[in-house]
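Hydrogens, waters and symmetry mates play no part in the numbers below; they use all other heavy atoms, side chains included.
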Amino acid sequence: MTPTTRFLLPLLGLALLAETATAQTARPAAYSQRMADAFMTWHPDSMVIGKNKMAGWGYEQGLMMFAMERIWERTGDAKYFNYIKKNLDYSVQADGSILRYKQEDFNLDNMATGRALLLVSQMSVPGNEKYIKAVQYLRKQLDGQPRTKEGGFWHKKIYTNQMWLDGLYMAEPFYANYSQVFNQAAGFDDVAKQFALIEKHLVDAKTGLLYHGYDESKEQAWANKTTGQSPNFWDRGIGWYGMALVDVLDYFPANHPQRPMLIKALQRLAPALAKYQDPKTGTWSLVMAQEGRKGNYAEASGSSMFVYALAKGVRMGYLDKKYAEVAKKGYDGLLKTFVETEPTGALAFNGTVSVGGLGGKPYRDGSFEYYLTEPLRKNDLKGVGPFILASTEMEIAAEDKLGQGKTVGLDYYFNHETRKSPVTGEQEQWHYTWEERTHGGFWLWGNEFRELGAKTVAVPTAPTAASLKPLSVYIIVDPDSRKESPKPNYVQPADSKAITEWVKGGGTLVLLANDTANCEIKHFNELAKNFGVQFTNQSVNMVQGSQFEQGKVDLTSGKAVFKNAATAYIKELSVLSVAAPAQPLVTNNGKVIMATARLGKGKVFVLGDPWLYNEYTDGRKIPASFENFQAGKDLATWLLGK
């Protein structure tokens, strides 16, 4: 950013800076959040590229929207989600058409923004039908995308017979995510094929690195006449590929036969990245395997991508833990080499190469000299986005030891409501599930457990000693009444016995009821009494409309659990009656709102409301003075602790 530009920051941008500075005074923000906040001051209205005056539809916007999504998931601050939606709304029309997008270009770069469409289409937002239509329209491009004879997507229609590393990130995470959301198993097979072809044609056996592109026809001037490969290893191209691998695995079914192939590809790449990391700075060079050649330099976007891929690979268990040190060294290098603090206190990001391609006009021959001709840019989206993603992974790595090796099970048996999915039209279980991103789901709370290192699973059957044994935490929420399910599964004596014995043996149990009009209390209380708790018929915090103060709960009496959150919003909750071994945790106005109990080696948390579902943790509805998102993280921390 030039001095002139800095002084011409829009007023909205300055306001965001002031807001960020105030927040940092109270609790210093992480680098991921600080960079995201700075980015929104540079692009306060929409993400613009080059000389454009409003949001376009391309991979750079898609990359940044995914980075913003991760910040939103880590903070529960709605401004990040709202920024994503605002940018989409510049392009997505009411009928699902997309401005400035031409399907007939068959350009894989245009797929990357589809992940943001998938996010918003699954959430409770007004008129979300247009996002569903838009994401389906975008997906149709892949049906007609030109392919190589082996079935690999051409990078663009104008780049005939060519597969580029870039295209794997542009298309495959979206394609895999779409296949998951819309239950299209064949999509996963096709995604796996794209990676298999890259592994076949672009991996260099000697270095373990990947060439930038492959021309099946071998007609391009840049293509090796024997292999079809381009001549060099471009760091950002390899970075796109590494990020694509760790991201598609988020959506791939655990039992898919090609999932091990994807993990193996990442495991093959990791040693090569470690080998070519600069031992002094921790960064990586623009043209890899030629680090000492004159003119070569440390490049920011590829270095950030490598940190992200390695750190996430370790966190998800795909890579040996030794690569955590490679990622940490790389991240330290990012901070020292590329991150700058402006006079305002905001962050900036230097050292991103503007572009890198093959062919075209003027012709790009893929030579070492060509890559060095592309200019460097400050605060380029292709560097800022991966830096934010790398930062989130390093921040998670600093706190995810607590839950490692632990599994958090959420009951899908006593709570088993079904509906017709508003996205796919198929029947699905909903209401207080891990998967659900709409208001009534536990997506964000589940993510807090996962980022603390734990695994989250559904428990679709009645509790038994065998089904509970793998769990460290078991959560039962709002058991169904006949109003909610035609054949509800009531808590039976055998269920209570199995759960109680499991707690005595060291399990951690969470019981979340609801007000008596919306929960099957009678049988649930038969379980709760084993721990000294009863959900009473008295309901409090009966909120009228948007008078949110009526739902205020002071958490300060519960510091044993809520180390950071002081105030929560909980409406229409059942007051608790407490006797030994339970004890009150949070009491407001003489009423016991939350209780805990110790029994044998285990512990129990009880509350008469589901309170941590997305509607009240995603920051979009209740005032910021309520700290439900932080309270959810505090509770998850306590549940996973000894």
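Between H439 and R620 the shortest heavy-atom distance is CE1-NH2, 3.6 Å. Shown here for A346 and A38, the closest heavy-atom pair between the two residues is CB-CB, 4.2 Å. In terms of heavy-atom proximity, E395 sits nearest to S32 at OE1-OG, 2.6 Å. Looking at every heavy atom in both residues, L607 comes nearest to F535 through O-CE2, 3.7 Å. When all heavy atoms of Q93 and L99 are compared, the closest pair comes out as NE2-CD1, 3.3 Å. The two residues A36 and I71 make their nearest non-hydrogen contact at CB-CG1, 4.1 Å.
Between the side chain of W72 and the backbone N or O of D618, at least one donor-acceptor pair lies under 3.5 Å. Counting only distance, with no hydrogens or angles, the side chain of N415 and the backbone of H431 share a donor-acceptor pair below 3.5 Å. Distance alone, capped at 3.5 Å, places no donor-acceptor pair between the D495 side chain and the V491 backbone. When atom types are taken as modelled, the side chain of D400 and the backbone of E451 share no donor-acceptor pair closer than 3.5 angstrom. Without hydrogens or angle criteria, K312 side chain to L389 main chain gives no donor-acceptor distance under 3.5 Å. At distances below 3.5 Å, at least one donor-acceptor pair connects side-chain atoms of N614 with backbone N or O atoms of T438. Looking only at distances, no side-chain donor or acceptor of W434 sits under 3.5 Å from a matching main-chain atom of G446. In terms of modelled atom types and a separation under 3.5 Å, the side chain of D37 and the main chain of R34 share no donor-acceptor contact. For E399 (side chain) and L452 (main-chain N/O), no donor-acceptor pair under 3.5 Å exists by modelled atom type. Here the side chain of D478 pairs no donor or acceptor atom with the backbone of N514 at under 3.5 angstrom.
Across R450, R437, K633, a single residue satisfies salt bridge (Lys or Arg N to Asp or Glu O under 4.0 Å) together with E73, and that is R437. Of the options L509, T508, I499, V533, a side-chain contact (heavy atoms from CB on, under 4.5 Å) to V604 is made by L509 and by none of the others.
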* **side chain to side chain contact (heavy atoms under 4.5 Å, CB included) between T341 and L347, worked out** => CA-CA 5 Å; T341 302; L347 297 183; 3.9 Å; yes
* I would like to know whether F548 and K621 meet side chain to side chain contact (heavy atoms under 4.5 Å, CB included); could you show each step before the answer? => CA-CA 10 Å; F548 295 109; K621 183 170 184 176; 4.2 Å; yes
* Which is it for F414 and L527 under the side chain to side chain contact (heavy atoms under 4.5 Å, CB included) test, yes or no, and what are the steps along the way? -> CA-CA 12 Å; F414 303 116; L527 169 62; over 6 Å; no
* For K86 and D45, run salt bridge (charged side-chain N to carboxylate O under 4.0 Å, His left out): C-alpha distance rounded to whole Å, both residues' side-chain angles, the deciding distance at 0.1 Å, then the answer. => CA-CA 8 Å; K86 182 179 181 181; D45 183 65; 3.5 Å; yes
* Stepwise side chain to side chain contact (heavy atoms under 4.5 Å, CB included) check, E417 with D480 -> CA-CA 7 Å; E417 295 180 69; D480 293 343; 3.7 Å; yes
* Yes or no on side-chain hydrogen bond (donor to acceptor under 3.5 Å, both in side chains) for D247 and Y308, after CA distance, side-chain angles and deciding distance? -> CA-CA 10 Å; D247 283 2; Y308 172 70; 2.6 Å; yes
* Could you walk me through whether Q33 and T75 pass the side-chain hydrogen bond (donor to acceptor under 3.5 Å, both in side chains) test, one step at a time? => CA-CA 9 Å; Q33 192 174 348; T75 64; 5.3 Å; no
* **Test side-chain hydrogen bond (donor to acceptor under 3.5 Å, both in side chains) applied to N183 and E426, step by step** => CA-CA 9 Å; N183 300 315; E426 301 174 1; 2.8 Å; yes
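Within the 4.5 Å cutoff, no side-chain heavy atoms of L381 are placed close to those of L63. Inter-residue side-chain proximity for M65 and L88 is flagged as met; some heavy-atom pair is nearer than 4.5 Å. Between F626 and E549 there is a side-chain heavy-atom pair separated by less than 4.5 Å. The shortest side-chain heavy-atom distance between W611 and T617 does not fall under the 4.5 Å cut-off. For the pair M64 and I388, the minimum side-chain heavy-atom distance is below 4.5 Å. When side chains are defined from C-beta on, I475 does not count as touching F442, because their heavy atoms never get closer than 4.5 Å. Under the 4.5 Å side-chain criterion, counting only non-hydrogen atoms from C-beta, E448 is in contact with F629. No side-chain heavy atom of E436 sits less than 4.5 Å from a side-chain heavy atom of E428.
With a 6.0 Å cutoff to the six-membered ring centre and a 45° limit on the axis angle, R100 does not count as a cation-pi contact of W57.
Going from atom OG1 of T516 over to atom CG of N518 covers 8.5 Å, rounded to the nearest 0.5 Å. Rounded to the nearest 0.5 angstrom, Q550 CD and Q547 CD are separated by 4.0 Å. Put simply, CG on L117 and OH on Y131 are 9.0 Å apart, with the number rounded to the nearest 0.5 Å. Rounding to the nearest 0.5 Å gives a distance of 4.5 Å between CZ of F387 and CE of M35. For the atom pair OH (Y412) and OG1 (T433), the distance works out to 4.5 Å, reported to the nearest 0.5 Å. The distance from the CG atom of D634 to the CZ atom of F562 is 7.0 Å, given to the nearest 0.5 Å.
Residues in residues 577-594 take part in no side chain to side chain donor-acceptor pair (under 3.5 Å) pair, two or more places apart or across chains.
Taking the six-membered ring where the residue is Trp, F39 and Y83 present perpendicular rings, their angle passing 60° and hence far from 30°. Between Y490 and H523, the angle of the ring planes stays under 30°, which puts this pair in the parallel group of the 30/60° scheme.
A salt bridge between R115 and D250 is absent, with no side-chain N of the basic residue lying under 4.0 Å from a carboxylate O of the acidic one.
For NZ of K559, the number of neighbouring non-hydrogen atoms (other residues, nucleotides, ligands) closer than 6.0 Å is greater than 12. Heavy atoms of other residues, nucleotides or ligands lying less than 6.0 angstrom from OH of Y101 number more than 12. Heavy atoms from other residues, nucleotides or ligands lying under 6.0 Å from NZ of K455 number 12 at most. Sparse packing is recorded around NZ of K487, with 12 or fewer heavy atoms of other residues, nucleotides or ligands lying under 6.0 Å away.
Residues satisfying the side chain to side chain contact (heavy atoms under 4.5 Å, CB included) test with F182, not counting sequence neighbours, are L118, V135, Q136, Y178, Q184, V423, T424. Every residue two or more places apart in sequence or in another chain that forms a side-chain hydrogen bond (donor to acceptor under 3.5 Å, both in side chains) with K130 is listed here: D89.
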